[in-house]
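Some notes on the structure that comes next.
Per chain, numbering begins at 1; letters A, B, ... match sequence-line order.
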Amino acid sequence: MPKRSTDTAAPAPEFAARRELLAWYAKERRDLPWRRTRDPYAIWISEAMLQQTRVETVIGYWTRFLARFPDVRALASADESDVLTAWSGLGYYRRARSLRAAAQAIVARHDGKFPRDAEAVRALPGIGPYTTGAVLSIAFDQPEALVDGNVVRVLSRWFAHDAPAAAAQRWAWERARELVPKSKGAGEWNQALMELGATVCTPRSPACERCPVAKACLARARGLENVLPRAKERPEPIDVELVAWVVERGGDVLVEQRPETGRMAGLWQLPTEQRSPRRPQLFPAELGIELTPGPELGLLRHAITHHRIRVVLQRGTVGRARVAAPLRWVPKAELGTLALTGMARKALAAAFGRPNLE
DNA sequence: AATCCGTGGGT
DNA sequence: TACCCAAGGAT
């Protein structure tokens with residue numbers, strides 16, 4: 001009989017399932033680039049990028065970001081605009097600003113070395129309870145629990161816990177702290193739980209026939225695997241219509257910088273006017289310059305949380321008026337050096353074919 | 001506690 | 001097409 005009394009407080013019936021899950025993870029885990037390092041900085045960057053973002057999207061960004069900012073000091077001393085350019089298209093741009101601010105704090109408070117103390121980690125900007133547990137357990141194998149959307153889903157099903165979303169997450173934290181190995185292997189355990197949620201115990205149509213926990217899963221036993229966890233209610237999406245101007249002069253393209261506060265703060269986009277509705281005002285209602293419309297180049301669809309956006313790509317020409325901030329002429333070849341919004345990247349790709357954005 | 005903050009892929 | 005929501009954190 002293996003010893004378990006010092007390793008976990010979990011009741012005996014869970015022991016077999018826990019062992020099955022760890023064995024499954026050892027065999028089936030995806031070979032992701034950030035799983036090839038124990039560098040806490042590199043792991044931290046991956047965790048920040050993975051927040052609300054798919055693994056497949058992150059791989060390329062992570063690789064380029066690590067090449068551009070290889071360590072804490074490189075990130076701390078970088079210009080914010082360069083960090084945002086590396087982040088361009090990932091969304092939730094506060095994450096990029098927080099990353100840089102946290103790197104500066106690590107240099108100031110911790111001599112440039114990623115802290116090993118949970119309170120010190122949690123105090124860094126952009127790092128909450130999840131990321132604290134993730135970096136400490138994965139990079140340092142400290143016995144810290146973590147809960148993300150995968151863990152809430154896996155545990156809610158495994159133990160058939162039926163509760164509203166907010167309560168289910170609090171419950172999952174308690175459960176995760178009970179289950180996490182207390183001596184060693186916390187990082188592997190946490191990743192196994194998340195990997196199961198990402199690849200087998202998926203939000204819809206979970207692949208229970210491939211699940212190492214299926215025999216112990218109470219939701220499956222009760223036919224609740226497609227019911228739990230309970231979904232959160234979502235507000236009605238709002239429709240927004242925009243005109244995005246494609247204005248060329250020589251080899252230059254007219255671009256517009258967004259305000260320093262609010263959505264996509266400080267990022268660059270095509271000059272954009274919001275036609276309807278006026279509330280919410282996601283984009284300026286009019287430009288500070290007169291443009292003469294040419295042919296329409298097409299229509300594209302985009303989404304920003306709770307908003308469905310229809311964008312008319314409108315070619316245009318500028319008269320004698322002088323271009324002033326927030327508008328600027330930029331050589332087409334240099335568009336890739338700007339921190340463009342995702343919508344701008346789409347629009348530019350539609351107008352010019354895939355530009356040099358990477 | 002509820003809302004804000006982007007984007008893309010799966011179904 | 002339309003909807004779902006992902007390795008969350010700040011306010």
Side-chain angles (χ1 to χ4, degrees), chain A residues 29-30 32-35 43-62 84 87-99 101-102 121-135 137-138 145-154 164-167 169-170 172-173 176 187 190-199 201-206 226 229-240 258 261-267 269 280 282 300-310 339-347 349:
Chain A
R29 66 181 225 159
R30 292 167 291 177
L32 303 173
W34 45 89
R35 286 182 176 160
I43 291 168
W44 165 42
I45 302 301
S46 77
E47 293 299 343
M49 288 185 171
L50 285 161
Q51 290 170 16
Q52 306 293 291
T53 309
R54 306 260 192 227
V55 164
E56 309 78 58
T57 303
V58 168
I59 292 174
Y61 278 93
W62 183 86
L84 286 170
W87 202 269
S88 167
L90 259 188
Y92 288 142
Y93 296 95
R94 181 189 302 275
R95 291 184 295 174
R97 301 172 189 275
S98 296
L99 224 37
V121 174
R122 178 67 182 82
L124 295 168
I127 298 193
Y130 165 79
T131 307
T132 300
V135 177
S137 67
I138 297 170
L146 62 75
V147 169
D148 71 339
N150 289 308
V151 175
V152 171
R153 186 169 59 255
V154 168
Q169 181 156 22
R170 287 193 297 274
W173 270 103
N190 287 335
Q191 291 186 83
L193 226 34
M194 293 191 286
E195 187 81 344
L196 188 71
T199 63
C201 193
T202 48
R204 274 157 302 181
S205 51
N226 286 301
R230 300 290 174 178
K232 221 171 12 176
E233 287 194 30
R234 295 186 183 282
E236 187 82 1
I238 298 167
D239 289 308
V240 178
R258 295 184 57 81
T261 57
R263 277 170 208 268
M264 300 165 278
L267 269 72
Q269 62 186 14
L282 303 182
L300 74 86
R301 298 179 182 285
H302 190 69
I304 297 176
T305 317
H306 304 161
H307 302 274
R308 281 187 297 252
I309 304 180
R310 293 175 59 249
L340 296 164
T341 68
M343 198 176 82
R345 296 164 72 94
K346 271 198 216 173

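- Distance noted for atom C1' between C:dA10 and B:dG8: 24 Å (whole Å).
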* To do: Start with the C-alpha distance between A:Thr199 and A:Arg30, add both sets of side-chain angles, then the distance that settles side-chain hydrogen bond (donor to acceptor under 3.5 Å, both in side chains), and finish with yes or no.
  => CA-CA 9 Å; A:Thr199 63; A:Arg30 292 167 291 177; 5.8 Å; no
* Let me see the working for A:Ile309 and A:Ile304 under side-chain contact (heavy atoms from CB on, under 4.5 Å), right down to the final yes or no. => CA-CA 8 Å; A:Ile309 304 180; A:Ile304 297 176; 3.7 Å; yes
* To do: Give the B/S/- string for nucleotides 1-11 of chain C, one per nucleotide from 5' to 3', where a protein heavy atom under 4.0 Å of the base yields B, of only the sugar-phosphate yields S, and otherwise -.
  => --SBBBBBSS-
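- Without hydrogens or angle criteria, A:Arg308 side chain to A:Ala303 main chain gives no donor-acceptor distance under 3.5 Å.
- Side-chain contact check for A:Arg258 and A:Thr341: no donor-acceptor pair (N or O, by modelled atom type) lies under 3.5 Å.
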* To do: Begin from the C-alpha positions of A:Ile127 and A:Trp44 and carry the test side-chain contact (heavy atoms from CB on, under 4.5 Å) through to its verdict.
  => CA-CA 9 Å; A:Ile127 298 193; A:Trp44 165 42; 3.4 Å; yes
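- Within the nucleic acid shown, A:Ala48 has no heavy atom closer than 4.0 Å to any nucleic acid atom.
- The residue A:Met264 sits close only to the backbone: its heavy atoms come under 4.0 Å of sugar-phosphate atoms, none of a base.
- Taking the 5' to 3' direction, DNA chain B first and last meets chain A under 4.0 angstrom from a heavy atom at B:dA1 to B:dG9.
- Residues meeting the side-chain hydrogen bond (donor to acceptor under 3.5 Å, both in side chains) test with A:Gln51, sequence neighbours left out: A:Thr131.
- We find that A:Glu195 and A:Arg35 are joined by a salt bridge, their nearest charged nitrogen and carboxylate oxygen being less than 4.0 Å apart.
- Comparing the P positions of B:dC5 and C:dA7 gives a spacing of 23 Å, expressed to the nearest Å.
- A:Thr305 and A:Arg234 are not linked by any side-chain donor-acceptor pair at a separation below 3.5 angstrom, with hydrogens and angles left out of the test.
- Heavy-atom distances to DNA chain B give each of A:Ser205 and A:Met343 a nearest nucleotide, and the one nearer the 5′ end belongs to A:Met343.
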